[in-house]
Amino acid sequence: MKLSAETQTHEHYFEQLMRIDCPMTKLDAFSDPRLAPFGRILRASGLDELPQIFNVLCGEMSLVGSRPCTPNEFAHYEPWQRERVNGLPGLTGYWQVNGKNKTTFNEMIAMDLFYLKNMSILLDLKIMLKTCAVIAGQLFESRTAAQPGRQGGSPRSQTTILQTLAESAPKI
């Protein structure tokens, strides 16, 4: 992201994803203007997550676990969804390697809860190994989406979310 990028666009977008039963496509798929040059590649490769390794070393995060959520996101969770934060957040996780941008918000929550109930060293190893393949796939998708005339994700769901977001955005 660009320095001092506004966050309201992401917050409104995520609130829509929580309400609408559609895949959780990243705003990157829409050529998010808040992305810095080469930001799409950094995000697709996961290199933007590298600084979080310091959080892992400090014991604030794990290698495998649920993705951390923002306080604004957590404030909109239903009680059953809040259970996903009962474990350490992770750099990668069950949801990231089993659908990520192709799943709905509630499917993500269900996968995070599944992981918390079934945590084991073997499951963590499987997730870490699968992460490499998923990152390679994301890099390929990012490269394809960046080509002229192509756009990542489902056009129908993206259009629906963007229209809903535009309609609910505060007028300036």
Side-chain angles (χ1 to χ4, degrees), residues 1 7-30 32 34-35 40 42-50 52 55-56 60-120 122-142 145 151-165 168:
M1 291 290 166
T7 60
Q8 286 184 339
T9 300
H10 176 266
E11 290 170 4
H12 290 300
Y13 182 71
F14 196 81
E15 287 173 25
Q16 292 299 321
L17 289 174
M18 290 174 74
R19 283 184 259 159
I20 300 171
D21 191 33
C22 67
M24 295 184 32
T25 307
K26 287 184 178 182
L27 276 172
D28 301 13
F30 310 117
D32 188 349
R34 299 172 306 144
L35 277 179
R40 179 186 294 273
L42 288 173
R43 293 197 34 121
S45 67
L47 290 174
D48 65 322
E49 304 287 345
L50 207 50
Q52 291 184 15
N55 298 67
V56 173
E60 298 164 356
M61 286 182 77
S62 176
L63 290 175
V64 179
S66 303
R67 290 298 300 146
C69 67
T70 67
N72 183 57
E73 292 168 12
F74 186 78
H76 290 89
Y77 282 6
E78 294 178 20
W80 73 272
Q81 295 167 332
R82 292 178 178 215
E83 291 180 35
R84 79 178 285 262
V85 301
N86 287 342
L88 281 178
L91 293 178
T92 188
Y94 190 79
W95 168 68
Q96 287 87 335
V97 300
N98 288 294
K100 196 172 180 177
N101 299 331
K102 295 173 180 69
T103 61
T104 66
F105 174 76
N106 284 326
E107 289 170 334
M108 175 197 71
I109 297 290
M111 287 184 197
D112 286 344
L113 295 177
F114 171 84
Y115 172 76
L116 287 172
K117 291 176 184 165
N118 296 285
M119 282 188 340
S120 69
L122 183 60
L123 182 57
D124 285 359
L125 287 172
K126 287 178 183 178
I127 291 169
M128 286 188 278
L129 289 172
K130 198 170 177 184
T131 297
C132 296
V134 169
I135 289 174
Q138 287 175 347
L139 280 170
F140 178 76
E141 285 177 19
S142 175
Q151 191 173 13
S154 164
R156 182 174 182 189
S157 63
Q158 292 173 350
T159 303
T160 304
I161 294 170
L162 286 177
Q163 285 173 342
T164 307
L165 184 57
S168 65

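When reading the values below, keep in mind they use all heavy atoms of this one structure, side chains included, and skip hydrogens, waters and symmetry mates. Predicted, not measured: the structure shown is a model, and the values here were computed from it.
- In this structure, the side chains of Phe114 and Trp95 stay at 4.5 Å or more apart for every pair of heavy atoms.
- The two residues Leu116 and Glu83 have their closest heavy-atom pair at CD1-O, 3.4 Å.
- For the residue pair Leu17 and Cys22, the shortest heavy atom distance occurs at CD2-SG, 4.1 Å.
- Counting heavy atoms from C-beta on, the side chains of Leu63 and Met128 come closer than 4.5 Å.
- Annotation: the span from Asn86 atom CG to Asp112 atom CG amounts to 11.5 Å, rounded to 0.5 Å.
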Side chain to side chain contact (heavy atoms under 4.5 Å, CB included) between Val64 and Met119, intermediate numbers included: CA-CA 9 Å; Val64 179; Met119 282 188 340; over 6 Å; no

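- Ser66 contributes atom OG, which lies 10.0 Å from atom CG of Leu88 (distance to the nearest 0.5 angstrom).
- Counting all heavy atoms, side chain and backbone alike, Thr92 lies closest to Val97 at OG1-CG1, 4.1 Å.
- Val134 is not listed as a side-chain neighbour of Lys100, based on a closest heavy-atom distance of 4.5 Å or more.
- In terms of heavy atoms, Pro68 sits closest to Gly90 at CD-O, 4.1 Å.
- Pairing each heavy atom of Arg82 with each of Ala75, the nearest pair is NH2-O, 3.6 Å.
- Residues Gly65 and Tyr115 approach most closely at CA-CE2, 3.9 Å, considering heavy atoms.
- Residue Met108 forms a side-chain contact (heavy atoms from CB on, under 4.5 Å) with just one option from Arg84, Arg67, Met18, and that option is Arg84.
- In this structure, Ile20 CD1 and Thr104 OG1 are separated by 12.0 Å, a value rounded to the nearest 0.5 Å.
- Between the CD1 atom in Ile127 and the CD atom in Gln96 there is a gap of 8.5 Å [rounded to 0.5 Å].
- Residue pairs that meet the salt bridge (charged side-chain N to carboxylate O under 4.0 Å, His left out) test with at least one member in residues 122-135, sequence neighbours left out, do not exist here.
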